[in-house]
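All chains are named by letter (A, B, ...) in the order of the sequence lines, taking the proteins before the strands, and each is independently numbered beginning at 1.
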Amino acid sequence: MAESSEGGPRQFSLRPPRSSGTENIPAADAGSTSIDSAESELAEDDVIDLSLERSDSKVVEVLARLDSELVGLLPVKSRIADIASLLLVDKMRRRFGLGSSRPNLHMSFTGSPGTGKTTVALRMAELLHHLGYLRKGHLVAVTRDDLVGQYIGHTAPKTREVLKRAMGGVLFIDEAYYLYRPENERDYGQETIEILLQVMENERDDLVVIVAGYRDRMETFFQSNPGMNSRIAHHIDFPDYSDAELERIAELILNEQGYYLDDDARIAFAEYLTLRRERPHFANARSVRNALERSRLRQASRLLNSEKTVLTKSDLMRIDELDIRASRVFGRVDEAGA
Amino acid sequence: MRVTQGAFSFLPELTDEEVRAQIEYVLSNGWSIAIEVTDDPHPRNTYWEMWGLPMFELQDAAAVMAELAECKKTYPQHYVRLNAYDASYGRQTTALSFIVNRPESEPGFRLDRTELSDRQVRYQIRAYSADAPVGQRYQG
């Protein structure tokens, strides 16, 4: 026998032992949240327990998490709460056999960078999964590079592969307007758009597409691709954060990492934000995160270069005014290399 | 004569729901999945033609079901099988392979006996359907 000469007994068990790898979910559970597998239709005079339905779908939990995780963004949050209520009501209507068509769930998130579009998309995927509109509820985040090929005949398989990976979840296309390049009529991006449109229409049950990007550029993108615009039901605009909100975000980030700003640093940081906002490439929460990252660097070198012989826990946690003020934004030469 | 290759081939034909459940199981194990096609039913014909590329990192069976539907539409009278590969061993390892589509009528095999010297007999099987050229078999 050829096999036996390769050494080692052959495994005949159905699932060979493995050292690592993912735990498998029983296949029977996989479709249990699907809207198709809902219980039999209710009679005319039946009633639905609203609170039970609400707690079953975990909508409140996800929304509460969204609320606590993300500072500000009130219009976005209320819009998402609206969508969640609509879907929940739709689900209950379905149980009475009312309105059978699945709502269009494709969305467009517009806003400046760093306003939480990706995070909200993640929560959205989770929400739709709990409501039974997505079977898996994962998020596949892609940009133009992942979808558009480099030579003729490369684009379609590439796009389809990404779409297949996203099935059962959300496909999040960041900076979607790069797909369309009007200046080059042979650009392969157009092919991707066509495939996307087709899938958004035909495979609505399997996939939710969220396109995201700057507001003005997305508008031009939609104007030149009316088909895309008409297939997107929810346009959600992400407002820029106010300074107070950004300070609150900074606090949250530092808290998570076990740091804090002392009072002087807090004032310095507020000034920093005002100045930073006027400089190019301001990216809201992302800029805040990066600024804090750099002040952590400065804090570390400050501590190591200091005269002190002992450090307290609070020394290690405190970010002081100098760590903030050393930033380039304040117009000084910065030895920490920010 | 029903060709029995791969898993489940002694069972009644799997329904779409059952195929989907199998695919879900495959994906939950993190195996990659590929669709293959042939119209040559000979048991030694192990290398079937690939339908598209193998599919990696899928989360949901819908993608495979869509490809499968497409494949069946193109080759309604061919054998179509699903192969799942387990890459965790670092070599090509078929974890699951089963036929999901077969021609409506399978005429079966003919057994040829060739007499050699000293009353030795050589056996050969030949699919009746393989008399027609590739692509023109199982036409009805």
Side-chain angles (χ1 to χ4, degrees), chain A residues 3 6 8 10-34 36-37 125 129 133-140 142 146 153-154 156-171 195 198-199 202-208, chain B residues 6-8 10-11 14-35 44 46 50-71 73-74 82 84-98 100:
Chain A
E3 286 90 345
E6 281 170 19
R10 288 182 65 194
Q11 294 278 1
F12 282 105
S13 65
L14 270 175
R15 296 203 54 222
R18 48 172 71 224
S19 48
S20 65
T22 46
E23 261 320 295
N24 63 305
I25 314 147
D29 276 11
S32 61
T33 49
S34 166
D36 308 320
S37 61
H129 174 59
Y133 286 90
L134 288 176
R135 278 186 303 271
K136 296 288 146 64
H138 60 288
L139 182 96
V140 176
V142 295
D146 302 296
H154 188 205
K158 209 173 168 184
T159 305
R160 278 189 214 287
E161 203 196 312
V162 170
L163 286 169
K164 274 189 235 163
R165 266 196 285 139
M167 290 253 169
V170 167
L171 178 68
I195 296 172
Q198 198 189 336
V199 168
N202 300 338
E203 274 146 75
R204 264 195 267 170
D205 294 353
D206 299 320
L207 182 67
V208 169
Chain B
F8 318 126
F10 287 93
L11 297 176
L14 298 184
T15 63
D16 274 1
E17 279 317 298
E18 286 162 342
V19 171
R20 181 185 282 267
Q22 290 299 335
I23 297 171
E24 287 288 353
Y25 174 75
V26 163
L27 298 181
S28 69
N29 278 290
W31 301 336
S32 64
I33 199 160
I35 300 174
R44 288 292 179 93
T46 38
M50 290 205 306
W51 170 265
L53 296 171
M55 289 167 267
F56 301 97
E57 293 171 53
L58 295 191
Q59 300 281 335
D60 192 78
V64 185
M65 292 306 283
E67 282 290 330
L68 199 57
E70 192 80 2
C71 179
K73 214 168 86 189
T74 316
L82 282 176
Y85 291 110
D86 184 353
S88 64
Y89 297 99
R91 55 192 138 89
Q92 181 170 337
T93 313
T94 308
L96 176 65
S97 170
F98 61 102
V100 287

Working to the nearest 0.5 angstrom, can you tell me the gap between B:L53 CG and A:K164 NZ? 7.0 Å
Nearest 0.5 Å please: distance from the CD atom of B:Q59 over to the CZ atom of A:R165. 9.5 Å
Heavy-atom pair count under 4.5 Å with chain A, highest-scoring of B:L96, B:L58, B:D60: B:D60
Could you tell me if the side chain of A:K136 sits less than 4.5 Å from the side chain of B:E24, heavy atoms only? yes
